[in-house]
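Scroll down for the structure; my scribbles are underneath it.
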Amino acid sequence: MKSLVLERKDALSLRDFPEISRAEEALGPRDVRVKLHTVGICGSDVHYYTHGRIGPFVVNAPMILGHEASGTVIEVGAEVTTLKEGDRVCMEPGIPDPNSRATRLGMYNVDPAVRFWATPPVHGILRPTCVHPEAFTYKLPDNVSFAEAAMVEPLAVGVHAATKARVKPGDVAVVMGAGPIGLVTALSALAAGCARVYVSDLSDAKLEIAASLSQAITPVNIRSENLVETVQRETDGWGADIVFEATGSPQAAAQVFEPLAPGGCVVMIGGQPDPISYDAGAAMVREARVENIFRYAHVFPRCVGMLASGAIDVKPLITRTFSFDDSVHAFEVAASAPAGDVKMQIELPQ
Ligand SMILES: [Zn+2]
């Protein structure tokens, strides 16, 4: 099967990949076989390409990239009851051990044994077909496109973050960072009931996209504007009920409590490869609640439901689409991080 293979750091090729066959392609009784349609390019895919590793996960052997996917069911295992051939679906890329302690406690995303697409040594899905458990494959309503469905994976991070924040109707939130995850977090916070979301970034192009998503989003360019002063001024000096940290920048993380209201909640979303410091005193005087998220759990059906109803519209975030034949080029473009792009996707031949 022709696949997009990360051979090693800085080297991609589109080639046959016989290594994937057998075990990984065997259809178990509760599995489905999916023909891939659309795959989003994630920051993590690009990071493996440009750095060859993310923290402890190192690319030591050729690996297929991609984990944000939608497609069509082409075969079902003998015991599958909820899906049938021809169903349009999106897939949750992390498969936990069903018997692990974390899974039994409902926290399957933090199961140390979770197998997650395109996290070495597990292959991703920039390939024609894959086999996936029925339990982590979700049927799409007719009015949700394959492109939107491939956005469910990043959207799930924002929805999980808003869930952890326990948003109340009328809350004011700050989202630090206007990258794809910052923007899906802003949309999720609004869908959860926030009255206003301040989105901060250094890039005008990204902030323009943020502002275009909703009248309830206020962009703040921290090159020219002081985020804390803006939030304080517009909340009568009280601050924001929730601050979402979606930059992964140690400098931003060091300031997460400054715009926060007393009794507020900070949600740490951005990955931090190294230990960072933050102002524990500022957290203390606010009795701040701090939440951390790792990917997501139990939110894919909710995301699909919100796309179907129009409660969340991710279409403005999909800024470029490449054909599968052009996918090496797509990654080169993604690695150059064009300021005006949010999510780039690859379409596989059908
Ligand atoms: Zn992703």
Side-chain angles (χ1 to χ4, degrees), residues 4 6 12 34 36-51 53-55 57 59 63-71 89-96 108-110 114-120 122-127 130 132 136-138 146-162 175 177-188 206 244-248 268-273 293-300 302-304 307 312 314 317-322 327 330-331 333-335 337 341-348:
L4 184 72
L6 178 62
L12 283 169
V34 176
L36 278 313
H37 186 291
T38 301
V39 178
I41 300 178
C42 182
S44 68
D45 295 312
V46 175
H47 202 83
Y48 282 121
Y49 170 44
T50 55
H51 291 74
R53 65 181 301 155
I54 295 180
F57 298 102
V59 179
M63 177 180 81
I64 300 173
L65 291 174
H67 64 258
E68 303 177 355
S70 61
V89 293
C90 63
M91 292 81 84
E92 192 168 343
I95 307 169
Y108 64 83
N109 54 321
V110 292
V114 71
R115 289 175 54 81
F116 196 94
W117 279 338
T119 302
V122 181
H123 291 295
I125 36 63
L126 274 161
R127 50 180 151 132
C130 70
H132 207 60
F136 291 87
T137 304
Y138 305 93
F146 285 117
E148 292 170 271
M151 286 296 293
V152 166
E153 198 276 339
L155 176 61
V157 177
V159 170
H160 189 50
V175 175
I181 294 298
L183 297 183
V184 293
T185 300
L187 291 174
S188 302
K206 292 199 188 312
F244 296 97
E245 201 307 292
T247 66
M268 302 299 285
I269 305 173
Q272 298 284 354
I293 65 156
F294 183 60
R295 298 172 180 154
Y296 37 72
H298 310 293
V299 294
F300 265 52
R302 290 169 180 270
C303 294
V304 171
L307 295 181
I312 286 186
V314 291
L317 304 184
I318 304 165
T319 49
R320 255 196 255 205
T321 306
F322 297 84
S327 49
F331 269 80
V333 174
D341 275 296
V342 182
K343 179 58 69 180
M344 302 185 197
Q345 292 183 330
I346 293 172
E347 267 184 21
L348 286 100

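In listed order, ligands and their atoms are each counted from 1.
Shown are the protein N/O/S atoms under 2.8 Å from the Zn ion (ligand 1), given by residue and atom: Cys42 SG, His67 NE2, Glu68 OE2, Glu153 OE1.
In this structure, the side chain of His160 does not engage the main chain of His298 through any donor-acceptor pair within 3.5 Å. Between the side chain of Lys343 and the backbone N or O of Ile41 there is at least one donor-acceptor pair closer than 3.5 Å.
Classification of the Phe331-Tyr49 ring pair by plane angle, with boundaries at 30° and 60°, yields perpendicular. Aromatic ring orientation, Tyr296 versus Phe116: tilted (interplanar angle from 30° to 60°).
Considering CG of Asp45 and CD1 of Ile346, their distance stands at 8.5 Å, rounded to 0.5 Å.
The 12-atom threshold is exceeded at CZ of Arg53, counting heavy atoms of other residues, nucleotides or ligands nearer than 6.0 Å.
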